[in-house]
2 protein chains.
Amino acid sequence: MESQQQAETGKNIQRQRWKQDPEGVRANILEVALKEFADRGLSGARMDEIAAKTRTSKRMIYYYFGDKDGLYRKVLEQTYREVRTGEKELMLDHLAPKEALRRLTEFTFDHHSKNPDFIRIVMIENIHHGEYLKHSDLIRGLNQEAISRIEAIYDKGLDQGVFRSGCSPLAIHWLISALSFFNVSNRVTFSLLFGDALHNREGQLDLRSQVADAVLKFVALE
Amino acid sequence: MESQQQAETGKNIQRQRWKQDPEGVRANILEVALKEFADRGLSGARMDEIAAKTRTSKRMIYYYFGDKDGLYRKVLEQTYREVRTGEKELMLDHLAPKEALRRLTEFTFDHHSKNPDFIRIVMIENIHHGEYLKHSDLIRGLNQEAISRIEAIYDKGLDQGVFRSGCSPLAIHWLISALSFFNVSNRVTFSLLFGDALHNREGQLDLRSQVADAVLKFVALE
DNA sequence: TCAGTTATGTACTGTTTCGTTAAATTGTCA
DNA sequence: TGACAATTTAACGAAACAGTACATAACTGA
């Protein structure tokens, strides 16, 4: 009886009705893949696992992205794009240079903190020697803006005599990035080795303001 | 003729003479595995590849380390141990606090720079949520010293009135670590996105001194 | 309405990779 | 000298995994 019924349903496979939604499917796959890659790394992520977590099938991943590398590549681009566009909201032109720099630093600190998946993808990309980033012209353009933004603030600060000369906007950006990035990237091991005083709730608020202090003290005069 | 000889040698397998050297074999495996894990990540590294690069066989890896995770665990411990013991050489007691802090910072910067494999293992461990570090009591002990060292310098600086109060040794350590670590960990992507001005030879010398500046300005008075 | 194209589902395949087995040989130390 | 530890070699098994073949449903535009 059981087997009879099985045989019958086996014959008349009742496909579910479905709507075509290529963009939705693509987006859904990318979203799931980002989480999975960020969580397990490039080699650690499993295509079957990603597929299972999408609302579609493995077939579609290969249909849209070719292979695992292709999928990772798109995830990388997408992630950079989202994060960088998220940074543009910030309006600093009307602020005094010191205040602008503090705001920018604290914003970056928070922004990284809120986007751990991005941080982890960048870590993974570094582990893989930037092999995929190398071949993405798209991404390079997005990042020059970050430097210009700082340059504007820095020049203004020089003009007003509140910043010391001899800093480069690139180095300032590096400094802000380093502190904001490390805070997320090494949270786990740092906490394990030294306790979570810097990474619990109050600790983070305090650390953020200390990071801003450090950046300001580095650039400001006296 | 050829095949005859082959058959014969096939029969009398001439084993090479070998010395027993368990410690040597273990060390050799760990060395190769470190490079391989650091280069490819935990999931990316292949046991067969590691085996091929050792002077011994895959069998021995399993003989000594059980499985891939066991091997990785030992690599992790070994790497932390080596790096931390390498840090102990530094003698700072006789220096003035500011000078001591500058030396410590520049030393750490160089030390990380010379140990990219360690950096990469720590990155990998963070990617894996510190799962393996969690279970290693051994490692935790090694790291408290780093804090004490800074505390000694900081307290002396407070006494002498050259450091401001309100910093914590932990935060100072975090700051030094962050900058020294990020310099190595994100070298690839940062260079790709912003050029190698900070990472070519002169760039690194300059950056090191700027990092020390930043740390000193953060801690010092006025 | 129907032909051609795009999108999707199901089941499968071939390979990679971890880990093991088996049996022999050599070194070491009490 | 005998027991035990270390090592070699070669091949195998099973599971995990990336990727594919094939069929079919939905859409589009003429």
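Each chain gets a letter, A, B and so on, in the order the sequences are listed, and its residues count up from 1. Heavy-atom basis, side chains included; hydrogens, waters and symmetry copies ignored.
In this entry the distance linking CE of A/M60 with P of C/dT6 reads 13 Å, nearest Å. Per the geometry, CZ belonging to A/R59 stands 16 Å off P belonging to D/dA18, to the nearest Å. Between B/K58 atom NZ and C/dG19 atom P the separation is 9 Å, expressed in whole Å. Across the protein-nucleic acid pair, A/Y63 atom OH and D/dT24 atom P stand 18 Å apart, rounded to whole Å. Computed from coordinates, the A/E23 CD to D/dA26 P distance equals 20 Å when rounded to whole Å.
In this structure a side-chain-to-backbone donor-acceptor pair under 3.5 Å is present from B/S148 to B/Q144.
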- request: Evaluate the side chain to side chain donor-acceptor pair (under 3.5 Å) criterion for residues A/T189 and B/N126: first the C-alpha distance (whole Å), next the side-chain angles of each, then the deciding distance (0.1 Å), finally the verdict.
  value: CA-CA 6 Å; A/T189 55; B/N126 273 288; 2.9 Å; yes

- prompt: Given B/L92 and B/R103, is the side-chain contact (heavy atoms from CB on, under 4.5 Å) satisfied, shown in steps?
  reply: CA-CA 8 Å; B/L92 302 168; B/R103 285 271 186 95; 3.8 Å; yes

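For DNA chain C, the neighbouring residues in residues 42-57 of chain A, judged by any heavy atom under 4.0 Å, are A/T56, A/S57. Shown for residues 26-39 of chain A: no residue has heavy atoms falling under 4.0 angstrom of DNA chain C.
Between B/T79 and B/D117 the shortest side-chain heavy-atom distance does not fall below 4.5 Å. Counting heavy atoms from C-beta outward, B/I172 and B/I153 have side chains that stay 4.5 Å or more apart.
Aromatic rings of A/Y80 and A/F118 (six-membered ring for Trp) have centroids within the 6.0 Å cut-off, being under it.
Phosphate contact (OP1/OP2 of D/dA18, side-chain N/O of A/Y62, threshold under 4.0 Å): absent. Contact between the side-chain N/O atoms of B/Y64 and the OP1/OP2 oxygens of D/dT7 is found at a separation under 4.0 Å.
Summarising the geometry of A/E125 relative to A/E131, their closest heavy-atom pair is OE2-N, 3.4 Å, with the distance given to 0.1 Å.
No donor-acceptor contact under 3.5 Å links the side chain of B/K68 to the base of C/dG19.
Residue A/D67 has its side chain nearest to D/dG19 when only D/dG19, D/dT7, C/dA7 are considered.
Within a 6.0 Å radius of NZ in B/K68, more than 12 heavy atoms belonging to other residues, nucleotides or ligands are found.
Put simply, CD on B/Q204 and CG on B/D196 are 10.0 Å apart, with the number rounded to the nearest 0.5 Å.
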